[in-house]
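The structure appears below as C-alpha cells.
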2 protein chains.
Amino acid sequence: MTITEVARRSGLPAKTIRYYESIGLIRPLRRPNGYRAFRDGDIMKLGFLARARSLGFSVEDCRALLALWEDKGRASADVKALASQHLARIEAKIAELESLHATLADLVSACSGDHRPDCPILAGLAAPPAGR
Amino acid sequence: MTITEVARRSGLPAKTIRYYESIGLIRPLRRPNGYRAFRDGDIMKLGFLARARSLGFSVEDCRALLALWEDKGRASADVKALASQHLARIEAKIAELESLHATLADLVSACSGDHRPDCPILAGLAAPPAGR
DNA sequence: AGATAACCTTCCAGTAGCGGGAAGGTCAAG
DNA sequence: CTTGACCTTCCCGCTACTGGAAGGTTATCT
C-alpha cells in the first residue's frame, strides 16, 4: 500500500502521514526501494488519529489515546480522564469566544458603517475597557 | 519612558513590545545609549493593540485597525467590515467547537471510567463516524 | 575605584501541526 | 529509452510570541 493510497483511504494528506511517522506515531515498513509499505494496522491507526485530531485532541493527546487503544489492559478511566480534560478545554474556549463575541457584536452593531470616520469600534479599542 | 514602564502601563510583556516594533507596528525613539524611548503616542498605540489582540484580532488585522485609527479620513465602513469578518470567524469557531463538544460529551458520558478496558470513547475513535 | 544588581540591547531557538517546494531516486507504459 | 507519475528526504515558512544567552549601561553601596 503506497502513501497516496493510504492518504486517500484515511483522509489524511501524505505530508501529514510522513509527519506522523517522523514523530513516531506510526512505523510503516519499507520496501527495498525505500518506499513506505503500509499494513492494515497502520491504516487503522491513521484513521484513529484522523478522527481524534478532528475532535480537536492535540497530537500528544493522540499519542496517549493511541497507546491506550493498543493497551488491552488499559483502564477506561484513563481514557475518560483525557477526554474529560479536553472537553473542559473546549468548554473554556467556547466561553472565551462567546465573551469576545458579545463585546465585538456590541461594537459592530453600534457602528454606522458609512463613509464618515466616527466609529464606536475604534473608540472602544482606543479607550481602556470601561466598567460595564 | 523605558520598556519596563511601558509594559507595566500597557499590560503587554516587554518581549511583545519589542516584537511589535520588529514587525513595524510601533516606532519608538532611541536614546543615545540605544535604549528605547517611548512617547505617549506609542503607549496609546500599544494599549490599542493590547485591546484589539484581546478581542482576538490577528496581528495583521491589528495593523489595519491601527492604520484606520490613525487615518482621520477613514470610512467607518472599513472598520466595520474588518470587525464583521472577525465576528463571523468567531461565530464559525464557536459552532465548530460546539459540534466537537456535543460529540465528545456523548462519548464521555457513555464511558464508565473504571478499571475495565472497555471504552466507548476509543470505540468511537476506532470506528468510522457512523451516520447520525 | 570596584563590585553588585538591575536594567537595557540583539540574536537565536523553540513552540503546534503541518504545507510548499526543491532536488533527486524509481517504476510502468509507450 | 524517454516520459510522466510516483516516491524519497530536507529545509523553510506560517502565528504570535516566549525563553534564554551574551553582552552593554546605570545607579547604588562599600
Side-chain angles (χ1 to χ4, degrees), chain A residues 1-39 42 45-46 48-66 82 85-86 89-90 93 96-97 100, chain B residues 1-39 42 45-46 48-66 82 85-86 89-90 93 96-97 100:
Chain A
M1 186 92 62
T2 69
I3 197 167
T4 302
E5 177 66 11
V6 172
R8 195 187 57 73
R9 287 210 207 178
S10 67
L12 292 171
K15 274 282 194 181
T16 298
I17 297 172
R18 291 196 193 95
Y19 172 66
Y20 287 170
E21 182 188 10
S22 81
I23 61 173
L25 287 181
I26 53 168
R27 292 181 203 288
L29 299 177
R30 294 290 177 142
R31 296 182 189 281
N33 62 11
Y35 288 17
R36 288 170 183 82
F38 295 86
R39 286 161 300 177
D42 297 317
K45 282 192 193 178
L46 288 168
F48 183 98
L49 290 169
R51 282 181 288 275
R53 289 288 295 133
S54 78
L55 281 182
F57 284 102
S58 73
V59 165
E60 285 316 304
D61 277 355
C62 289
R63 189 192 302 277
L65 288 169
L66 202 50
L82 269 172
Q85 282 172 28
H86 182 44
R89 282 194 297 266
I90 289 174
K93 192 69 184 174
E96 183 194 336
L97 287 176
L100 298 191
Chain B
M1 186 94 63
T2 69
I3 197 166
T4 302
E5 177 65 12
V6 172
R8 196 187 57 71
R9 287 211 207 179
S10 66
L12 292 171
K15 275 279 194 184
T16 298
I17 296 172
R18 292 196 192 96
Y19 172 65
Y20 286 169
E21 182 188 9
S22 80
I23 61 173
L25 286 181
I26 53 167
R27 294 183 203 286
L29 299 177
R30 294 289 178 144
R31 294 183 188 282
N33 63 9
Y35 288 16
R36 289 171 183 80
F38 296 86
R39 287 160 299 175
D42 297 318
K45 282 191 193 179
L46 287 167
F48 182 97
L49 289 169
R51 282 181 289 274
R53 288 288 298 131
S54 78
L55 282 181
F57 284 102
S58 72
V59 165
E60 284 317 304
D61 277 354
C62 288
R63 188 192 302 276
L65 287 170
L66 201 51
L82 270 172
Q85 282 171 31
H86 182 44
R89 282 193 297 266
I90 289 174
K93 192 69 184 174
E96 182 194 338
L97 288 177
L100 299 190

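Letters A, B, ... mirror the listed sequences (proteins, then strands); counts begin at 1.
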Salt bridge or not between [X] and [Y]? Use side-chain N to carboxylate O under 4.0 Å.
X       : Y       : answer
B:Asp61 : B:Arg53 : no
B:Lys15 : B:Glu21 : no
B:Asp42 : B:Lys45 : no

Report the nucleotide, chosen from [options], that has the shortest atom-to-atom distance to any side-chain atom of [X].
X       : options                : answer
A:Arg30 : D:dT9, D:dC7, D:dA16   : D:dT9
B:Asn33 : C:dT26, D:dG20, D:dT26 : D:dT26
B:Val59 : D:dA16, D:dC7, C:dG17  : D:dA16
A:Arg18 : D:dG24, C:dC18, D:dT9  : D:dT9
B:Lys15 : D:dG19, C:dG17, C:dG19 : D:dG19
A:Thr4  : C:dG17, D:dC6, C:dC7   : D:dC6
B:Ile3  : C:dC18, C:dT9, D:dT8   : C:dT9

* Using a cut-off of 4.0 Å on non-hydrogen atoms, how would the nucleic acid contact of B:Tyr20 be classed: base, sugar-phosphate, or nothing? -> sugar-phosphate

If you compare every side-chain N and O of [X] against the phosphate oxygens of [N] (OP1, OP2), does one of them come in below 4.0 Å?
X       : N      : value
A:Thr2  : D:dC7  : yes
A:Tyr19 : C:dA16 : no
B:Thr16 : D:dA16 : no

Using atom [atom1] of [X] as one end and atom [atom2] of [N] as the other, report the distance to the nearest whole Å.
X       : N      : atom1 : atom2 : value
A:Leu46 : C:dC18 : CG    : P     : 12 Å
A:Leu29 : D:dT8  : CG    : P     : 13 Å
A:Ile17 : D:dC7  : CD1   : P     : 10 Å
B:Glu60 : D:dT15 : CD    : P     : 7 Å
A:Tyr35 : D:dC6  : OH    : P     : 11 Å
A:Arg31 : D:dC6  : CZ    : P     : 15 Å
B:Ile23 : C:dT10 : CD1   : P     : 15 Å
A:Arg36 : D:dC6  : CZ    : P     : 17 Å

* Is the closest side-chain heavy-atom distance between B:Thr4 and B:Arg8 below 4.5 Å? -> no

* To do: Could you tell me whether the side chain of A:Leu25 reaches within less than 4.5 Å of the side chain of A:Leu46, counting heavy atoms only?
  => no

